[in-house]
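Reading through the structure tokens given below for one structure.
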Protein chains: 2
Amino acid sequence: MPTTPAVPDGKRPTLAHVAARAGVSVALVSIVMRGAYGASATTRERVLKAAEEIGYRPDTRARVLRSNRSRLLGVQFGLRHPFHTDLVEGIYAAAEPAGYQVALSAVAPTRGERQAVEALLADRCEALVLLGPEVPAARLAHLATQVPVVSVARRLRPAPPAVDVVRTADDEGARQAVDHLVALGHRAIAHIDGGRAPGAADRRRGYRTAMHRHGLADHVHVLPGGLTEDDGARAARSLVAENPRPSAVLAFNDRCATGVLDTFLRAGVTVPGEISVVGFDDTSLSRLAHIDLTTVAQDIPRLAELAVGRAIARLDGEAVPEGEQVVPPHLVVRGTTAPPATD
Amino acid sequence: MPTTPAVPDGKRPTLAHVAARAGVSVALVSIVMRGAYGASATTRERVLKAAEEIGYRPDTRARVLRSNRSRLLGVQFGLRHPFHTDLVEGIYAAAEPAGYQVALSAVAPTRGERQAVEALLADRCEALVLLGPEVPAARLAHLATQVPVVSVARRLRPAPPAVDVVRTADDEGARQAVDHLVALGHRAIAHIDGGRAPGAADRRRGYRTAMHRHGLADHVHVLPGGLTEDDGARAARSLVAENPRPSAVLAFNDRCATGVLDTFLRAGVTVPGEISVVGFDDTSLSRLAHIDLTTVAQDIPRLAELAVGRAIARLDGEAVPEGEQVVPPHLVVRGTTAPPATD
DNA sequence: ACTGCCATCTAGAACGTTCTAGAAGAGGGC
DNA sequence: GCCCTCTTCTAGAACGTTCTAGATGGCAGT
């Protein structure tokens with residue numbers, strides 16, 4: 001039996017056990033544990049030593065029960081979306097320095113958004129940060145009557161007054177992608193869209209208006225896509241068959257773009273030689289050396305930071321400005337775009 | 001203000017509020033909420049109605065505090081690993097029917113395993129399920145003195161008595177892959193390994209012994225790899241340069257294999273025409289139509305089920321058999337393997 | 001000697017739930 | 001009438017923490 005910690009009987013050590021061992025009151029141990037004012041240096045040391053010896057660990061449940069603040073941020077995310085998991089990393093990074101804990105609740109095939117949110121609320125989260133929520137806006141508005149709600153990457157229109165929205169300027173991102181391609185000399189630029197996914201409508205619109213602004217209205221070409229590799233691959237197969245073929249494609253997101261890339265490679269269509277490809281999100285996927293995808297970067301750390309900041313501001317009762325917080329994207333040029341082939 | 005729920009003052013409704021509204025005692029409401037025996041049908045209905053009306057939601061924190069059981073399973077996973085996120089889905093599916101909740105704690109660049117586990121323990125998880133833990137075995141043994149610990153996919157040798165291990169027979173999986181390739185007629189089969197990642201040593205060993213058994217000791221060829229796409233791509237680039245080139249590759253896992261595939265495609269090496277590729281894990285990645293990877297399937301639902309089952313058995317004080325639980329893998333043949341080119 | 005103040009410490013209530021023990025009332029059998 | 005039993009309900013303690021209000025003692029100023 002390796003280094004058994006001297007737990008009193010068989011249960012988890014509590015403040016009372018520490019207090020008994022250090023010969024002080026429970027309240028004083030609490031003070032020391034919180035690092036609060038009101039204990040002398042010497043007893044502080046003695047208490048900490050006693051706690052260490054019996055392996056005491058504060059019980060967040062009891063702590064939360066007593067102090068009305070749980071300092072707990074509930075985050076709902078999709079296990080399958082790299083964009084979400086990247087955001088979660090950012091949320092951890094933003095929340096912990098601010099003194100907030102993060103409770104994760106995943107959306108999975110067997111576990112809908114409703115269930116995910118219920119679990120967070122039962123856990124006494126003080127605010128909810130929902131990544132790309134797909135429930136009806138009315139449901140979000142209803143939730144927001146109970147607890148501050150931040151919707152990340154999902155635009156709500158008309159915006160319910162109580163729900164905060166943090167998102168990327170998707171239309172602007174699509175515009176940047178088109179501008180980049182046009183500057184390289186492309187004219188026939190297609191867009192593989194995201195259907196009803198959060199952000200898809202804005203990206204589509206951004207693409208359309210940018211094309212118009214460049215006088216390329218005749219070349220507007222939107223293919224039905226989606227947010228998975230499969231969706232991208234399917235759209236790409238239909239592109240390959242086209243004649244004439246566009247010289248560039250803007251995909252809904254990085255996953256979709258990798259599906260496109262792969263199909264092109266298989267079909268012997270060289271990238272960026274014969275056709276340029278642009279993704280969206282700048283997830284870790286696109287940064288991988290063997291994908292090396294030109295993409296519109298969402299500023300994931302910034303989105304995470306704003307979402308957390310907004311939630312905390314609401315909790316602190318600060319008068320937060322109404323309206324969405326929109327983060328500008330920026331194009332990251334990598335290896336999948338080049339001037340079009342000069343026939 | 002849309003459908004404000006009639007919360008008493010401004011706080012979260014409690015049992016006492018429901019009790020007051022229904023005109024019964026707090027204890028009775030508790031009975032009804034838990035669905036326990038001891039309330040008549042009519043009052044049960046009345047209480048539920050009252051609870052519904054004021055939007056009551058049980059407080060798991062308080063609940064846990066009182067009943068020593070938290071029925072909470074702590075799961076540590078890596079946000080970046082599809083294999084882990086797939087497992088998490090399985091764990092949700094296995095735990096909830098058994099009446100256990102799942103608390104997730106992610107490992108990320110800014111958040112080490114130590115931190116992840118501390119959070120779970122502070123949250124009163126009754127047992128820990130650690131996915132591919134990389135901390136020293138001694139640390140796991142120490143944790144196991146406080147709470148049941150299940151290590152998934154990480155073998156421990158010598159096995160600390162108190163830590164349960166649930167894993168795939170990695171050596172057997174590698175053997176199956178080699179057998180398959182040999183049956184197709186391959187002889188020069190290389191292995192891109194996983195370095196020190198959990199499971200890597202066993203897969204390497206399985207590969208080696210299988211090669212020996214087929215009399216292909218001379219063709220044993222292990223390239224240093226890793227668990228990301230980049231690692232696979234790097235190894236594949238060195239393979240492409242070899243002469244003669246192996247006719248088949250077994251990659252450490254699916255991510256690694258997709259890196260290999262991509263590099264081959266770029267280099268104009270056809271798969272499976274010139275070279276066959278086998279992955280490991282059968283994550284959702286490999287199933288994607290455009291990757292269509294032959295791979296060794298880990299039985300993810302089964303692993304999840306066993307891990308959860310073991311944890312629960314320990315909690316119920318059942319005398320669980322010592323030793324690891326090893327799940328057999330099975331080969332899934334898809335499009336990246338074929339007989340070698342007949343020169 | 002009295003007062004006041006500061007630093008240090010403590011008792012006991014509170015948080016929202018579950019659990020134990022038992023009360024109230026309705027019937028049934030003698 | 002008495003004793004059971006069964007169902008339905010309730011009072012109050014308990015869980016581990018934090019918070020409020022105060023106790024204690026030392027020191028300084030008058």
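Since we're looking at a predicted model, the values are computed, not measured. Letters go in sequence order (proteins before strands), and every chain restarts at 1.
- By the 4.5 Å heavy-atom criterion applied to side chains, B:Arg314 and B:Val320 are counted as neighbours.
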Using nucleotides 17-21 of chain C, report all nitrogen or oxygen pairs with the protein that are shorter than 3.5 Å.
from	atom 1	to	atom 2	distance (Å)
C:dT17	OP1	B:Tyr56	OH	2.6
C:dT17	OP1	B:Asp59	N	3.3
C:dT17	OP2	B:Leu15	N	2.5
C:dT18	OP1	B:Arg63	NH1	3.0
C:dT18	OP2	B:Ser30	OG	2.5
C:dT18	O2	B:Arg66	NE	3.3
C:dT18	O2	B:Arg66	NH1	3.4
C:dC19	OP2	B:Arg34	NH1	2.9
C:dC19	O4'	B:Arg66	NH2	3.4

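- Side-chain contact check for A:Arg80 and A:Thr85: no donor-acceptor pair (N or O, by modelled atom type) lies under 3.5 Å.
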Polar atom pairs (N or O), protein with nucleotides 4-8 of chain C, under 3.5 Å:
from	atom 1	to	atom 2	distance (Å)
C:dA7	OP2	A:Tyr37	OH	3.4

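- Among the heavy atoms of the strands lying under 4.0 Å from B:Arg124 are primed sugar atoms or P, OP1, OP2 only; no base atom is included.
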Can you give each donor-acceptor pair under 3.5 Å made by side-chain atoms of residues 302-312 of chain A, sequence neighbours left out, with the distance rounded to 0.1 Å?
from	atom 1	to	atom 2	distance (Å)
A:Arg310	NE	A:Gln325	OE1	3.4
A:Arg310	NH1	A:Asp164	OD1	2.5
A:Arg310	NH2	A:Pro321	O	3.2

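- Inspection of the B:Arg111 and B:Ser105 side chains reveals an N or O donor paired with an N or O acceptor under 3.5 Å.
- Side-chain atoms of B:Gln146 and A:Arg57 include a donor-acceptor pair closer than 3.5 Å.
- End-to-end axis angle of the helix from C:dA1-D:dT30 to C:dC30-D:dG1, from C1' rotation axes over five pairs per end: 60° (rounded to 10 degrees).
- Between B:Leu65 atom CG and D:dA13 atom P the separation is 17 Å, expressed in whole Å.
- Between the side chains of B:Tyr100 and B:Arg69, a donor-acceptor pair is found at a separation under 3.5 Å.
- A donor-acceptor contact closer than 3.5 angstrom is absent between the side chains of B:Arg44 and B:Ser40.
- For the 3.5 Å distance criterion, the side chains of B:Arg63 and B:Ser67 fail to qualify, holding no donor opposite an acceptor.
- Scored by the side-chain contact (heavy atoms from CB on, under 4.5 Å) test, B:Val163 finds B:Leu140, B:Ala144, B:Val149, B:Ser151, B:Leu156, B:Pro160 as partners (sequence neighbours excluded).
- Across all strands shown, A:Val64 has no heavy atoms under 4.0 Å from either base or sugar-phosphate atoms.
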Side chains of residues 71-78 of chain A: which donor-acceptor pairs under 3.5 Å do they make with residues two or more places apart or in other chains?
from	atom 1	to	atom 2	distance (Å)
A:Arg71	NE	A:Gly99	O	2.9
A:Arg71	NH2	A:Ala98	O	3.4

